[in-house]
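The structure follows.
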2 protein chains.
Amino acid sequence: MATINDVAERAGLSVTTVSRVLNNRGYISEKTRRKVYDTMAELNYQPNEIARSLLRKQSNLIGLIVPNVSHPFFGELTDAIEYHAYRLGYKLLLCNSQLDPAKERDYIEMMKRHRVDGIIMGSHTLEVQEYRNLNYPLVTIDRRIDAIPYVASDNGRGGELAAELLIGKGCRKIAHFCGNLQLDMLSNLRTTAFEDKLRSHGITFITLQTDMNVFDQQEYERLMATLFQSHPDIDGVFATSDIIASFVIKWCRKLGKEIPQDIRIIGYDDVNAATWVSPAITTIKQPIEDMGRLAVELIRKQIDGEPFETENVLPVGLIERETT
Amino acid sequence: MATINDVAERAGLSVTTVSRVLNNRGYISEKTRRKVYDTMAELNYQPNEIARSLLRKQSNLIGLIVPNVSHPFFGELTDAIEYHAYRLGYKLLLCNSQLDPAKERDYIEMMKRHRVDGIIMGSHTLEVQEYRNLNYPLVTIDRRIDAIPYVASDNGRGGELAAELLIGKGCRKIAHFCGNLQLDMLSNLRTTAFEDKLRSHGITFITLQTDMNVFDQQEYERLMATLFQSHPDIDGVFATSDIIASFVIKWCRKLGKEIPQDIRIIGYDDVNAATWVSPAITTIKQPIEDMGRLAVELIRKQIDGEPFETENVLPVGLIERETT
DNA sequence: ACGATTGTGTCAAACGATTGACATGTCAAA
DNA sequence: TTTGACATGTCAATCGTTTGACACAATCGT
């Protein structure tokens, strides 16, 4: 691969001059500028970003850790993050933790070695202490750790909205699929708020935990079987992801339950997949695009030393479709 | 951030010695080795991969370009690629082209500047000439360009299997949703093989083009409306992705068509989403995991100068579920 | 004709690590 | 006592680029 020296030599100029046109500094005549560009094209020269990064102490890389990009929520979030990172001139280093602490730790180390400019943590399976010691531009999705800036949507409000809708539709016995409550994530607020609301209305509910971030279809199926066997009379379901909701729909069909007459279902996230199934899923919309934009923005601000908000909670919305 | 000099100084050793323990070369006493590791931990030292890359002329980065990770097929493919890249010690640079040639070109340039060790092209919207001139370790997914190694699944066989199944089930008038036939992709072979088979059996068919890689829900809906309006009597559908198939299912429900009694539907890919909808989609399975593994493997072989196959066509399979 | 502006050059240091050449020393085996 | 393995050190070059300091011309306005 051609270097700046090759370009300078071939163009009959000094490296300094070539560097000057590359970086737009100092006086350069139009003729020289053109000569340099021509030669660059001729040699198919691309400035070596590695050398630049070394000198500038800036890699223009952002690390993103998610449980799994093939989960619709994280896929769409990754899309949004990639879009905004690109707009700001950053490249994205993608890591799937698979919710494996060892892999997550390993990836974080790798990223630090590669001197990424910041890390967006969509997965967080480690102990709080480890994140605290990181000492790095960081943004967390859906989890609050000390003073580390985070972006989340209003999970409490989401749970409330779901409860209100189901109550309003007259449901009397409701099942709720939530994520792993052991993990310290803000999405657990959905469950808290949802249960509080139901309790205050004296409505019966059953809460079932899943691992919503890396789906295990088998586990979902087992869970559905258990639920409908022990509680054949539930008339409402609040699932903490649209994917789980789609499994509920499947199971209802299998059991001959009419949706929404016999049972009402509400999902969460409003991923594209919510409209792929029929009936289309009523859901709580997370502003995925905005969350991605904000996450990137927060990294940028930390890099540029600008002030930033630590707590970034975005509004959610109810999207009513055909399952309620 | 601490450098190797800081470590050496603090440990009372020379950089050479520290470097020797880092790289496991030459004689090192157990005592010194421990001293170095302790000091590294103390200073929270991480060797600067940027400096290493510059010297070694190896970034350990693999670039991946896909139309869009939030498309289930590419999400799952990305997962597989990430998994195997990680196993081999590579990090993944993720790029969504959004099927925008300008963005794709721009990303390719960026990747070359960053000296990624190889590029996996899951999106290819540029002119053949541009890829030819790339002169870089490259692997293409589902597209054949000169001698550039590619991985694909047996699209021809896939189309054939779909046709055989539908014919076997007694369908007489079949609709086929294919991707953009203008793009020179191997997935077009599905269409060719499918149509050939139907023709040889004297079965009527209608082929409709979509842009399957970046889904536009609106477009799908429009397409469905058109199809069922002008051909209310179709009794079989072959969709070139499971997502499109799920839209067909939706539309059939809306029109009160029973699946599979009135109409049989077969999708393509066998992504997870194929089982989220009900009835679960009968589909042609692409070995996504293997495709990802092979793609990474092909990049590695090019980097390491090992011999490799240029044509890598993996077998597909029929997964019969509930829509046929 | 003077000084300012413009255009280009030379030189060297710096970024953080690796590596080869070579020197020096200790210690134990032969 | 000699030899060689083991252990560590010094020194300098290298990867490709940027940048500041400084020098030297040519050209321009006045």
Side-chain angles (χ1 to χ4, degrees), chain A residues 1-40 43-61 89 109-117 303, chain B residues 1-40 43-61 89 109-117 303:
Chain A
M1 264 223 160
T3 72
I4 198 175
N5 290 285
D6 301 333
V7 175
E9 200 169 325
R10 172 86 98 123
L13 294 164
S14 70
V15 276
T16 305
T17 304
V18 176
S19 178
R20 283 208 260 257
V21 354
L22 245 48
N23 297 281
N24 259 316
R25 42 176 52 247
Y27 298 113
I28 296 289
S29 71
E30 204 33 59
K31 193 176 141 220
T32 305
R33 188 182 303 275
R34 201 169 0 250
K35 178 80 192 155
V36 169
Y37 282 130
D38 288 352
T39 315
M40 277 169 40
L43 297 181
N44 199 1
Y45 168 75
Q46 313 272 11
N48 186 330
E49 279 301 326
I50 296 183
R52 287 186 173 189
S53 297
L54 183 58
L55 194 65
R56 298 200 217 272
K57 296 159 163 304
Q58 262 229 34
S59 61
N60 287 312
L61 250 38
E109 298 260 296
M110 272 189 188
M111 288 179 161
K112 291 181 78 175
R113 281 202 294 273
H114 276 274
R115 301 294 191 266
V116 301
D117 292 340
I303 294 171
Chain B
M1 267 230 153
T3 73
I4 197 173
N5 290 286
D6 301 333
V7 175
E9 200 170 325
R10 170 87 100 126
L13 294 164
S14 71
V15 277
T16 305
T17 304
V18 176
S19 177
R20 282 206 262 256
V21 354
L22 245 50
N23 297 282
N24 258 316
R25 39 176 54 247
Y27 298 113
I28 295 289
S29 72
E30 203 36 58
K31 192 176 140 221
T32 304
R33 190 183 301 276
R34 205 174 352 254
K35 179 80 192 154
V36 169
Y37 281 130
D38 287 353
T39 315
M40 276 169 41
L43 297 181
N44 199 0
Y45 168 75
Q46 312 273 11
N48 186 329
E49 279 301 326
I50 296 182
R52 287 186 172 189
S53 296
L54 183 57
L55 193 64
R56 297 202 217 271
K57 296 159 164 304
Q58 262 230 34
S59 61
N60 288 312
L61 250 38
E109 297 259 296
M110 272 188 187
M111 290 180 158
K112 292 182 78 173
R113 281 201 294 271
H114 277 272
R115 299 296 191 265
V116 300
D117 292 340
I303 295 171

Value in whole Å for how far the P atom of C:dA17 lies from NE2 of A:H114: 14 Å

Kindly indicate whether the side chain of B:I4, heavy atoms from C-beta on, has any atom under 4.5 Å from the side chain of B:L22. yes

Grab the two heavy atoms, one from A:S59 and one from A:S53, that are nearest each other, plus how far apart they are. CA-OG, 3.7 Å

Please report, to 0.1 Å, the donor-acceptor pairs under 3.5 Å made by any side chain of residues 43-51 of chain B, with sequence neighbours excluded.
residue: B:N48; atom: OD1; partner: B:I50; partner atom: N; Å: 2.7
residue: B:N48; atom: OD1; partner: B:A51; partner atom: N; Å: 3.2
residue: B:E49; atom: OE2; partner: B:R52; partner atom: NH1; Å: 3.4

Spacing of OG1 belonging to B:T32 relative to CD belonging to B:E30, to within rounding of 0.5 Å: 9.0 Å

Check: residues 7-14 of chain B side-chain donor-acceptor pairs under 3.5 Å, at least two apart:
residue: B:R10; atom: NH1; partner: B:E42; partner atom: OE2; Å: 2.7
residue: B:S14; atom: OG; partner: B:T17; partner atom: N; Å: 3.2
residue: B:S14; atom: OG; partner: B:T17; partner atom: OG1; Å: 3.0

Roughly how many Å is it from CZ in A:R34 to P in C:dG7, rounded to a whole number? 13 Å

Rounded to the nearest 0.5 angstrom, the CG-NE2 distance for A:N60 and B:H114 is 6.0 Å

At 10 degrees resolution, what angle do the end axes of the helix from C:dA1-D:dT30 to C:dA30-D:dT1 form when each is taken over five base pairs? 30°

Has A:D6 got a side-chain atom pairing as donor or acceptor with A:T3's backbone, closer than 3.5 angstrom? yes

Please list, chain by chain and in numerical order, all residues satisfying salt bridge (Lys or Arg N to Asp or Glu O under 4.0 Å) with A:R56, sequence neighbours excluded. none

Provide, to the nearest angstrom, the distance between the CD1 atom belonging to B:I50 and the C1' atom belonging to C:dC15. 10 Å

For each nucleotide in nucleotides 7-19 of chain D, reading 5' to 3', give B when a protein heavy atom comes within less than 4.0 Å of its base, S when such contact involves only the sugar-phosphate, and - otherwise. BBBBB--BBBBBB

Strictly under 3.5 Å: I want the nitrogen or oxygen pairs between protein and nucleotides 27-30 of chain C, one per line.
none

Separation of A:R25 CZ from A:S19 OG (nearest 0.5 Å): 8.0 Å

A side-chain contact here means heavy atoms from C-beta on lying under 4.5 Å apart; do B:R115 and A:M1 qualify? yes

